[in-house]
Amino acid sequence: MITLLGWAGAAMAAPAHSVVMVTSDVGFVIESEVEIAADADAVYALLLTPGRWWNDAHSYSGDSANMTIDAHAGGCFCETIPAKAGAAGSVEHGRVIYVVPGRQLRLSGALGPLQTDAAIGTLDLVLTPAGKGMTVRMTYVAGGYLRTRPAQIAPMVDQVLGEQLQGLKRVAETPLS
């Protein structure tokens, strides 16, 4: 299960081009950017399969293969939580609110430890051509009633989401064997 401590441990791995843009008493804005040596269709298709690039440590089930994104307005960024016996559980990480295939995906949801607070967040992923590949810019704006001060939790959220973006890059640039 994702905890604040789990998110804090991720602060050790610093992704490239990642920054907390703004913090206030009611929220924060973070932005990460990465260049990926792959075409837009390949990067976008991979983006929709988080089980291939999301870090298992930042999932509720411990296995990111249980995560899916249904890429249409109202679709779910969800995770199945297998049960040893009985019915499986599930968690909604976010709701898809905007899709332009190959160019942009926007989700609404309080991620990780923010989910237990009266918070909301908007995760925006924008793909733009760059050199021989793509730049993927991830912006996350979160706010509401946060029990942990935004200035304290924002760097941890920034590091965790930056780590996921680096995972996307790593998988997109790894040749299929």
Identify whether Ile97 and Leu111 are in the same connected component of the hydrophobic contact network (ILVMFWY, side-chain heavy atoms under 4.5 Å).
-> no

Applying the 4.5 Å side-chain criterion to the ILVMFWY set and letting contacts propagate, would Val20 and Ile153 be lumped into a single cluster?
-> yes

Heavy-atom closest pair, residues Pro150 and Thr23 = O-CG2, 4.1 Å

Val100 vs Tyr44, side-chain contact (heavy atoms from CB on, under 4.5 Å): CA-CA, chis, key distance, verdict | CA-CA 10 Å; Val100 179; Tyr44 183 75; over 6 Å; no

Taking only residues two or more places apart in sequence or in another chain, which ones pass side-chain hydrogen bond (donor to acceptor under 3.5 Å, both in side chains) with Asp63?
-> none

Could you give the distance from CG (Asp56) to CE (Met67), rounded to the nearest 0.5 Å?
-> 9.0 Å

State whether the side chain of Ser59 and the backbone N or O of Gly62 hold a donor-acceptor pair below 3.5 Å, judged by distance alone.
-> yes

Spacing of Leu107 atom CG and Cys76 atom SG [to the nearest 0.5 Å] | 9.5 Å

Nearest heavy-atom contact between Phe28 and Leu114 is CZ-CD1, 3.9 Å

Hey, what do you get for CG (Leu46) to OG1 (Thr49), rounding to the nearest 0.5 Å?
-> 4.5 Å

Determine whether the side chains of Thr116 and Arg147 contain a donor N or O and an acceptor N or O closer than 3.5 Å.
-> yes

Tyr140 versus Asp158: any side-chain heavy-atom pair under 4.5 Å?
-> no

At what distance, to the nearest 0.5 angstrom, does CZ of Arg106 lie from OG1 of Thr122?
-> 8.0 Å

Can you name the residues that form a side-chain hydrogen bond (donor to acceptor under 3.5 Å, both in side chains) with Asp70, not counting sequence neighbours?
-> His72

Do Ile30 and Leu161 have side-chain heavy atoms sitting under 4.5 Å apart?
-> yes

For Asn55 and Gln164, which heavy atoms make the closest approach, and how far apart are they?
-> N-OE1, 2.8 Å

Note: with side-chain heavy atoms under 4.5 Å as the link, the other cluster members for Val22 come out as Val19, Met21, Val29, Val141

Side chain Asn66, main chain Glu79, donor-acceptor under 3.5 Å = no

Got Pro82 and Ser61 here, is their nearest side-chain heavy-atom distance under 4.5 Å?
-> yes

Smallest heavy-atom separation, Thr135 atom then Ala130 atom, equals OG1-CB, 3.1 Å

Exercise: identify the closest heavy-atom pair between Ala172 and Ala38 | O-CB, 4.2 Å

What's the spacing between Leu105 CG and Leu127 CG if we round to 0.5 Å?
-> 9.0 Å

Is the Phe77 ring parallel, tilted or perpendicular to the Trp54 ring (thresholds 30°, 60°)?
-> perpendicular

ILVMFWY cluster, Val126 and Leu48 together (side-chain gap under 4.5 Å) = no

Is there a donor-acceptor pair under 3.5 Å between the side chain of Lys169 and the backbone N or O of Glu35?
-> yes

Here the gap from Leu125 atom CG to Arg137 atom CZ, rounded to the nearest 0.5 Å, amounts to 9.5 Å

With side-chain contact (heavy atoms from CB on, under 4.5 Å) as the test, would you mind laying out the steps for His93 and Val91 before giving the verdict?
-> CA-CA 6 Å; His93 295 282; Val91 60; 3.6 Å; yes

Is Asp39 reaching over with its side chain to a backbone N or O of Asp41, donor-acceptor style, under 3.5 angstrom?
-> yes

Polar side-chain atom of Ser24 near backbone of Val26 as donor-acceptor pair, under 3.5 Å | yes

Verify whether one side chain among Asp124 and Gln104 offers a donor that lies under 3.5 Å from an acceptor in the other.
-> yes

Taking all non-hydrogen atoms of both residues, which atom of Gly102 and which atom of Ala40 are closest, and how far apart?
-> O-CB, 3.7 Å

